[in-house]
Amino acid sequence: MKILRWQLPRFLAVLAGFLMFGGSAQAAATGIIKGVVLDDGGVEIPGAVVTLTSPALIGGAQQRSADDEGRFIFSDLPPGGYDLSAAKEGFSTVTKRGVPVGIGRTVEVTMELKYGGADVLVVSERPVVDTESANTGQTFNQDFLSRIPAGRSYQEVVGSTPGVVDNGSGNPNSMGASYNENSIVMDGVNITDPVTGTFSLNFNFDALDEVQVTTTGFDPEYNALGAIIQLSTESGGNTLKVSTAGYYSNGNWSPQYDAVYAADGTQLSPTGFDRQFQAAEVALEVSGPIVKDRVWFYGSYNYNRSLFTGAGVRNPRDFDGHYFYSKITAQPTSAHRVSVVFGANPTTIDNINQSRYVLPDAEERQAQGGFFTNVKWNFFPSNRITTEAIASIQKSYIDVSGVPCTHDEKLGYNPCGERQAENFIDFETPGRVGVGGAYSARNSGTYYIDDRWNATFKVKANFLQLDLLGKHDIKVGAENNSTWWTNVQGYSGNSMYIDTYLVPYDPDSLASGYWYETTGPYVYSASGAHWVAFAADSYKPIENLTIFGGLRLDSTDIRNDVGASILKETVFGPRISISWDPFADQKTKFFGGYGRFTDIGRLGITRYLGESGLGYKILLGEPYGGGNTSNFSNVYTRFDGRDAYDLGGNLLAPREDAFVLGAQREVVPDTAVGVNFTAKFTRGVYAFDETNLIYDEDGYQYIGQKNGQLEALYRLRTPLVSRRDYYQTDVQLVRNFAERWLAQLTYSYVVSKGTVQDSLGYGLSNPSQIDVMYGNLDTDVRHQVKLAAAWDIPNDPWTTRIGVSGQFFSGSPLSRYYYAPGGAVYDLAGDGYGMLREPLGTYGRNEPIYDLAVQFTQDLPVKKGKLQAYGQVENITNATLPYGVYDAYISYENRYVVYGRQYPINGTLGLKYEF
Amino acid sequence: MLTILIASLLGGCGYNEEIRETEIKGKLVVPKAAATRNVKATTDPLDLSTVPLQDPRLLGPIYIGAYAAIDENSRPYPIPFQGPVIDGEEGDTFPYGGTGVGRFDFACYKFLACKVTTGRFADYADMMDYFTNVLQNPIKDNQGEILNSEVEFEQQCLDYYYEVASDNMAFIGPSDFKEEGDNYVAEFELFHTTFVPGMAVWGFMDAPQISADKLDLNGTFSTCSASGGRTVYKYDQTYDEGGAYTDILNRPTQYIDADDWVSSGTIVGDDPSTEITLNLDIPIISEQ
C-alpha cells in the first residue's frame, strides 16, 4: 500500500498537469462527506478520530484519522442521512446528526472541538447550495418523493425538474432535446433503450432511494444531449422491514372535454367523449440483514393495472404490469463491497390502438418487459482510493400481436371462435385494414416481435485529495457497451387485405381493394459497440474555488443487419466548470461551465438502411376487377429498407455545446435563491431528406421525379443545418425539508429554435426546408413555472402531511406538419404528411397548460408498525398536457385536433403499512 | 489538453457531409410579350373579334428544371435530353432538380380548380376582375351562380380553409414578378439539386387557354389535372381541388402547347453558387 501511495500521486500529478485541472471522485449513485477537524481557535487537529454511521451504511461504522491538516474524507456513500462524530483526547467529542448525502454530491463538514469541553451533539447543517458543482438540474430525495405528488414513477418525477417538459409519454424533453436523447442510469449502469433511446423499463417506485436529474452536467462519466437521469435504489439495512401498500385511482368522474382549435389557436368547439380512466397499484417491499452489517437484502414487487378508454372506444387500454426488483449487498471486509441485482418487469397492454375504427377482434396486445441483472464490485485499497467494476446485462422486449381471444362476452375483448381455446392468438387469418385503421377484420393481421440486449462493463477509479498546488479529486474510467437488436414483423397468414371505402368510415360499404401476399415475415437485426474513456479532475487551488475539468472520449460503431457501419465515429467531449464560494461559508456560489455532449446513436437508426427484406406481391380485388391492371403484378417483389432510404454521405454523431452561468445564495437557513442561464447549441441532428421528388416553388406540389418513378426516396443525414438552439433562464427558490416544510419554486424563460424536434423525424427536411420544417417542438414554450411544497402539520404523533405540486407552461406552437389525406397531390409519398416549404401566415399556439396536484398523507395509530393513509388529486385544473402532442395534429383543414387526454382529473386513495 | 480542447471544438465545424445536392439560384426573365394575349374584344357573344392585351396575370405557372443537356433537334424548340422513345411514347428526362415560379392553388370554389396561379393576383377583387373582364369567364360559386362580391369570396375562403386572416391564402398577395424594361423578372431557386458541372437549366411557361369562342374553358392550364389534388366532400358535393401533374419536368413535351413559352436554356458552370439567368425566349406558335 505504501508503494501505491508513493507511486500513484506521481503518476497522477503528471496526469493532472496534462489535464490542467484536478478531478472529483463523484461516484455513480453515491456521494462524499469530507471536512476538517479544528479546535475552537481554528487550528487543525491532526489525528482526530472521525466516525461515520448511518442505517444506509453497510459494513458498520467507518472511521478515519484526520491527516496532518486535520482533514478527512468518506467516499462511496449511498444517499441518506449520516451521523458524524470527531474525537480527540483532551477535546470534547462533537457529533453532527443527519448530514445529508445525495447522488454525486460532496458535502463539506467542519468539526469544531473544544479543548476540555463537554461533548456536543448538534443537528447537522443541511447545505442547500452545492458550492463545488456547476451542474443544473434537481435531486429528488426521500423527503421530496414521499411528500410531493409528483407521480409514482421515475418517469413522472423527472417532469418536476426545471427545463424538463413531461410530454406524457414517459420520455420527457429536457432543455430542448428530443424525447429520445436522455440517458437513464440506474446505480451507475446505463439502462437507456439501445434501439429507441427512450426508457427501457418500468420500475418499482418504492425501491427508489433518490432520483437525480441533471439537465446540464459536466461530469464526463455521463453523456446525453438531454437529461441524465440517475436512479439510486434501496439496498436494505440492519433492520428487517416489511412494507405493503395499495393505491387506487379513478378519473371517470372528471369533466369530459377536449377541443378543436383553429390555426390561430382559437378553440372552435369542445368535443366531449366517453372515456374512462382507472388505475390500481399494489406494492410490497421486504428488506433486512442476512448477516448483520455484512450482508443485506432488498426485494420489491409492484403490480400496476390501469384501464384507459379513448374517445368513442368500447374496450379500454388494459395495462397489466408486474415489476420485480431484488438486490443483495455484501461488505465482507472494509475494503470490498459487492452487490448483485436482478429485476424483471413483464407487462401486457391490451387494446393498444384505442381507435373507434378498430373493431375489438382487430385490436392488438403489446407484451413488453424484460430482465436486468448486474454485479458491482467496489474495492477500496485505501481511504483515498476507491475503485468500482460493474458488469450488467439487460434484455427488453416488445411483442405486438392480436389480443388473445376470450369466450367471456362480458369482457368485450376479442371474442373467440367456437373452436378456439381461451387466449388463442391468431397468426394465420389475414387481417383487413381500411382507411383510418383496421375496422373490418378478424384479427389485427400483423405481428411484431422485438428483442433488445444491452451488455455493459465499466471500471473506474477515484483518487481523492491529492496534493498538487491545491487539492485534486481525480476520476478515471472506461466503459464498454454492446447492444443487439432483433426484430421480426409479419402479416398473419402472410397476407393482408386492404379495403377501400365507398363512404368514409362506413364499414358496411367496404370492399376488398387488393391484398398483399408476402413470402414470410420481415426479419431484421443490428448491433452496436460503444467504447468510452473518461477522466476528470476536481481541483481546488484554494478552499473556496473549485475548477472542474474533464474529458470524455466516445467511440461508437453501429452496424446494420449485414454488418455495414452506419455510424462510426470517435468524439471528444471536453467539460470544464468553475464554482466559486466567495465567502467560503458554503452558502454562496457563482458558477459557470462549458461542455460538449454527443448522441452516440441508437440501433433504430440502422433500420432505415437495412438490407433484410421480404418478397411481396399485390393481388387485385373487386374495384380493380374491371380490367384495371394498374402497375401491379403477380410476381413477388423484394422490398427492404434501402428501397426507400439511403445513407447520405458521412454521418456525424449529433453534438451539443452547452454553456451555464449562474449564482445561488442561501438567504436563510435551508433556503436558497438563485438564477442561472443555460444555452445549448445542438448541430447535426438526425434528419431525413428526400432525394427523388421535385417540388414547385414553395414545396407544395410535386412537379417531377429525378428517377422518373413517382416514389419518395429518403436519405439519412446529419447536416449541420439541422439544429437546435436553446436558451433558458431560471429564477429559483429552494427550501430543503426543515422545520416541517419544504418548498421549491422555479420560473424559467425559454427560447427554443429548432429544425427537427425528433431525432428521427419523418418530415422531409431538405436543407433549405429545414428552417421551416420541424416537428412538434414540445419544449418551445416561453414561460414555465414549477412549484412543489409540503408541510407536515404539527399534530404529532398522528402526523398529517400535505403536499402540493404545480406546473404552468405557456402554449407550445402548433405543429407545422401538415396532415394530408391519402391521395392528395401533396401526399404522394403516402406517409400521411404533406409539407409546405414556406409557412403561410402566422400560426397559433396551444392553450397554456396548468397542472396542479394535492396530496394528503395521514399516519394512523396502530399497535405495531406504521400505518399511513394516502389521498391525492391530480390535474385539478383539468388542463394537463394531452397524452403526447403526437396524438394531436393539424388536419388538412388546417385545424388543430387533439385526440384525447390521458390524464383527466384523477383521484387516488391509498393505504401503506410497514413494520 | 488545450490542443485537444480546441481540436474537438472545431471538429464539428470542418465536417464534410459529402452531399452533392445544392441550391442553385437564378433570375428568370420573361418578355412582356409572353404576358400579351389576344382576348375577346367585346362582351357581345356574337362578336368573336380579339384585341391584344398585356397583363402579368396572364403569365401561367413556369416550370424550371436542371438537366444533363439541352436537345435542340428533336423538336422545333429546345427541350431537355430524354430517354429513348418506346412504343411511340417519349421517355423521361430525369432532371437533377427543379422548381417553379407560380403554382396552382385552390381558390375556394370548385370553379377555380386548376385556374389560379399563385403570385399573380393581389387580392380577391383583382382575381374577380381578371376572370370577368380579361377572360370573360366570371367566377361562379359552388351553386353555379356568378360571384359578385369580394367580401363573399373572402368569407368563402376563410370558411373553406378554417383561417382567420386572408394573408394565410397563398393565391393572393405580392406578385412573383418585377418589371424591368420589356421584361418581367422573378427570382427562383432550384432546391436540393444534384450538381453536375456543365449541366443545363431549362424551363417553360404553361400559358392559360384563352379563346373568344369557348369562354368557359378560358383560364385553364394543360399542366393541371382537374381530378388531382385533395378530394373535397361538402354536403352533397364531391369535387377535387386540382393540382399539377407529377411528371411535368419528366415529360414536358406532353404539356407544352400553343401560346406557351420555352427557354433556350442556360449552362451551369463549375460553381453552383454563381447565379444564373434563364430567359424564357421562345414562343410556341399555334400551327393554325
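Each chain gets a letter, A, B and so on, in the order its sequence line appears, and its residues count up from 1. Computed from heavy atoms alone, side chains included, the values below leave out hydrogens, waters and symmetry copies.
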*What residues form a ring-ring contact (aromatic ring centres under 6.0 Å, His included) with F104(B), not counting sequence neighbours?*
F221(B)
*Pick from D92(B), I248(B), N250(B): which one has the most heavy-atom pairs with chain A under 4.5 Å?*
N250(B)
*Which region of D176(B), side chain (C-beta onward) or backbone (N, CA, C, O), has a non-hydrogen atom less than 4.5 Å from a non-hydrogen atom of chain A, or is it both or neither?*
side chain
_Test of understanding: with ring-ring contact (aromatic ring centres under 6.0 Å, His included), list the residues that count as partners of F121(B), not counting sequence neighbours._
Y130(B)
_Pair F548(A) and F218(A), ring centroids less than 6.0 Å apart_ = no
*Please state whether the side chain, the backbone, both or neither of S166(B) comes within less than 4.5 Å of a heavy atom of chain A.*
neither
*Please determine, by modelled atom types, if S222(B) and D206(B) share a side-chain donor-acceptor pair under 3.5 angstrom.*
yes
*asked:* Less than 4.5 Å to any heavy atom of chain A: does that hold for the side chain of Y63(B), its backbone, both, or neither?
replied: side chain
